[in-house]
Protein chains: 2
Amino acid sequence: MKKISDSTISRLSTYYRTLSNLIDQGIETVSSDEIAEINNITSAQVRKDLSFFGSFGKRGLGYNTKALREEIAKILGLKKEWNIALVGVGNIGRALIDYEEFRKQGFIIKALFDKDRKKIGKEIKGLRINDIDDACYVTKEKNIEIAIIAVPAKNAQAVVDSLVACGIRAFLNFAPITIKVPSNVTVKNENMSIELEALSYYLTQSN
Amino acid sequence: MKKISDSTISRLSTYYRTLSNLIDQGIETVSSDEIAEINNITSAQVRKDLSFFGSFGKRGLGYNTKALREEIAKILGLKKEWNIALVGVGNIGRALIDYEEFRKQGFIIKALFDKDRKKIGKEIKGLRINDIDDACYVTKEKNIEIAIIAVPAKNAQAVVDSLVACGIRAFLNFAPITIKVPSNVTVKNENMSIELEALSYYLTQSN
DNA sequence: AATTGTGAACCTCTTCACAGCT
DNA sequence: AGCTGTGAAGAGGTTCACAATT
C-alpha cells in the first residue's frame, strides 16, 4: 500500500471525532466543506485525505455521517479494542489510567508496570502493578499490543528496548527524549514541554 | 521576521534538551552530525534549522554546547519564567500540576481554575482553585500569559473564549476538539487519542 | 445546483553538495 | 582535514480548479 502521511492519519482522527459529534447531534449528512470549517482546514484537504482510501461521498450531496465514521474507524483500526500496557505509575501514568477518552476509543489499559518495589504488587482500579522485569510474561498473557511509556527520560530507552524484545511494536512515549527502535516498530511522542516551548516562542516573537 | 515552520521550532526544543543532556555529561563541543544522530534526523536539517536564527558554530569544530543551548533558550523565549493558568482540575490537570518537566523549563503554574463548586476554594499544592468566572481578575493579578485547557471537550471553546477576552494569547489544549481563536492567539494541541489512533492505524496496516 | 474526486499547479520543507572557514 | 552555512535540487504535502455525478 502507498505511504500515507502522518498528517493525513491524524486528520482522519479529527474527522472521526467531528463525525461522532455530528452523529450525536442527529445530523445525517455532511459536506467536506462543513467538516473543513469545523476543523479550520480546507475542503480540498478533507476530500484528498479521504480519497487515499476510497470514495465515500455522493456528488452533489456530501457524506453520510454514520457511514463515513464507520469507514474511518475501519481505516484507523478502531473496530477492535486494543490492549494497552502502561509503564510508569507516576503522576502522568495515574492520570492516564483514569482517562475516559482512551477507553471510549477502545484503548483499554490492561497491564501496569513500574520498577519501584514500593508500588509493585499494589492495585490501581483493579489492575495490579507488575514488575517491569516480568514484562514479557505479562504482556504475552494479557495480549498487549501497545505500550504507553510514562517513566523518567533516563529510563525510557531501556524500558522500550525490553518491551521491543518482548514483541511490542507500538509505543506512545511521554518521556522527553528521542527513543530508538527498529524500523518495524512505531513510536509516537507526546511531549508536552515541546508544545509549551512553541507557545513561548510565539509569545516572544510577537512582543 | 520571516515565518519559521512549526517543525523547526519543535526541533529546536529537542536540540535544547539534547544539549542539556550533553552538558550534564560534561561534553563541551558537539557537531551537527552528533545532534542529528541522537534525534534520528539528518545533520543538514540541524544546520538549516539553526541557520534561520544565526551562525552559532565554528567550521571544522562544531558547536559549543553551553553557548548553543543559550542561543536556543533565547530563541524559544526560555530566558524568563512563564506564568501559567491551569483550567480544569481533573485527572489530567492534577497530573500537570505535579509535572516536574514544566517547572524545570520555567513554566510555572500560578493559577488554577475550575467551575465545579465543590472544588472552588480548595487548595492543591498551595494553589487555590478559583472560579473560572473570575478568570479576568485572577489572570491579571497573577500576570498569566499562557493557559492550559484541561476541561471536557464540550466546555473547552467557551473557556478559551472567555480567557481570550481577558487577554490571554497562548493556549495548550488537551481537549479533543479544534478550538477557534482570533489570528493573534496561538493554540497548541495535545491530543493523546490522536497519537494512539495513529499507532492503531500502523498496527492495522502491518497485519 | 450542489458537491465529490482528482490531476496539475503550487508551495513548503528536507536533503544534497560544496564553497568557505577554522 | 573537518565541519559549518547555504543556495539549489528534490521530495512531499496542500490547494486549485474543474470534470463527473447525483
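Naming: A, B, ... by sequence-line order, numbering from 1 per chain.
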Query - Results of ring-ring contact (aromatic ring centres under 6.0 Å, His included) for B/F102 - residues two or more places apart only - result: B/Y99
Just how far, in rounded Å, is [atom2] of [N] from [atom1] of [X]?
{"X": "B/I35", "N": "D/dT4", "atom1": "CD1", "atom2": "P", "result": "8 Å"}
{"X": "B/R11", "N": "C/dT12", "atom1": "CZ", "atom2": "C1'", "result": "12 Å"}
{"X": "B/F53", "N": "D/dG5", "atom1": "CZ", "atom2": "P", "result": "14 Å"}
{"X": "A/K3", "N": "D/dG13", "atom1": "NZ", "atom2": "C1'", "result": "12 Å"}
{"X": "B/F52", "N": "D/dT4", "atom1": "CZ", "atom2": "C1'", "result": "15 Å"}
{"X": "B/Q45", "N": "D/dA11", "atom1": "CD", "atom2": "P", "result": "16 Å"}

Nearest listed nucleotide, side chain of [X], among [options]:
{"X": "B/R47", "options": "C/dC18, C/dA8, D/dG7", "result": "C/dC18"}
{"X": "B/S7", "options": "C/dT14, C/dC16, C/dT6", "result": "C/dT14"}
{"X": "B/S31", "options": "D/dG7, D/dT15, D/dT4", "result": "D/dT4"}

What pairs of residues pass the disulfide bond (SG atoms under 2.5 Å apart) test when at least one of them lies in [range], not counting sequence neighbours?
{"range": "residues 161-207 of chain A", "result": "A/C136-A/C166"}
{"range": "residues 31-73 of chain B", "result": "none"}
{"range": "residues 167-207 of chain B", "result": "none"}
{"range": "residues 36-112 of chain B", "result": "none"}

Under 3.5 Å, which protein N or O atoms sit close to an N or O of nucleotides 19-22 of chain D? Give each pair with its distance.
{"residue": "D/dA20", "atom": "N3", "partner": "A/R59", "partner atom": "NH1", "Å": "2.9"}
{"residue": "D/dT22", "atom": "O4'", "partner": "A/R59", "partner atom": "O", "Å": "3.2"}

**Report entry** Beyond-backbone contact of A/I168 with A/V185, side-chain heavy atoms, under 4.5 angstrom
**Finding:** no
**Report entry** C/dT22 OP1/OP2 closer than 4.0 Å to side-chain N/O of B/Y63
**Finding:** no
Query raised in the report: Does the side chain of A/S32 get closer than 4.0 angstrom to OP1 or OP2 of C/dT3 through an N or O atom?
Result: no
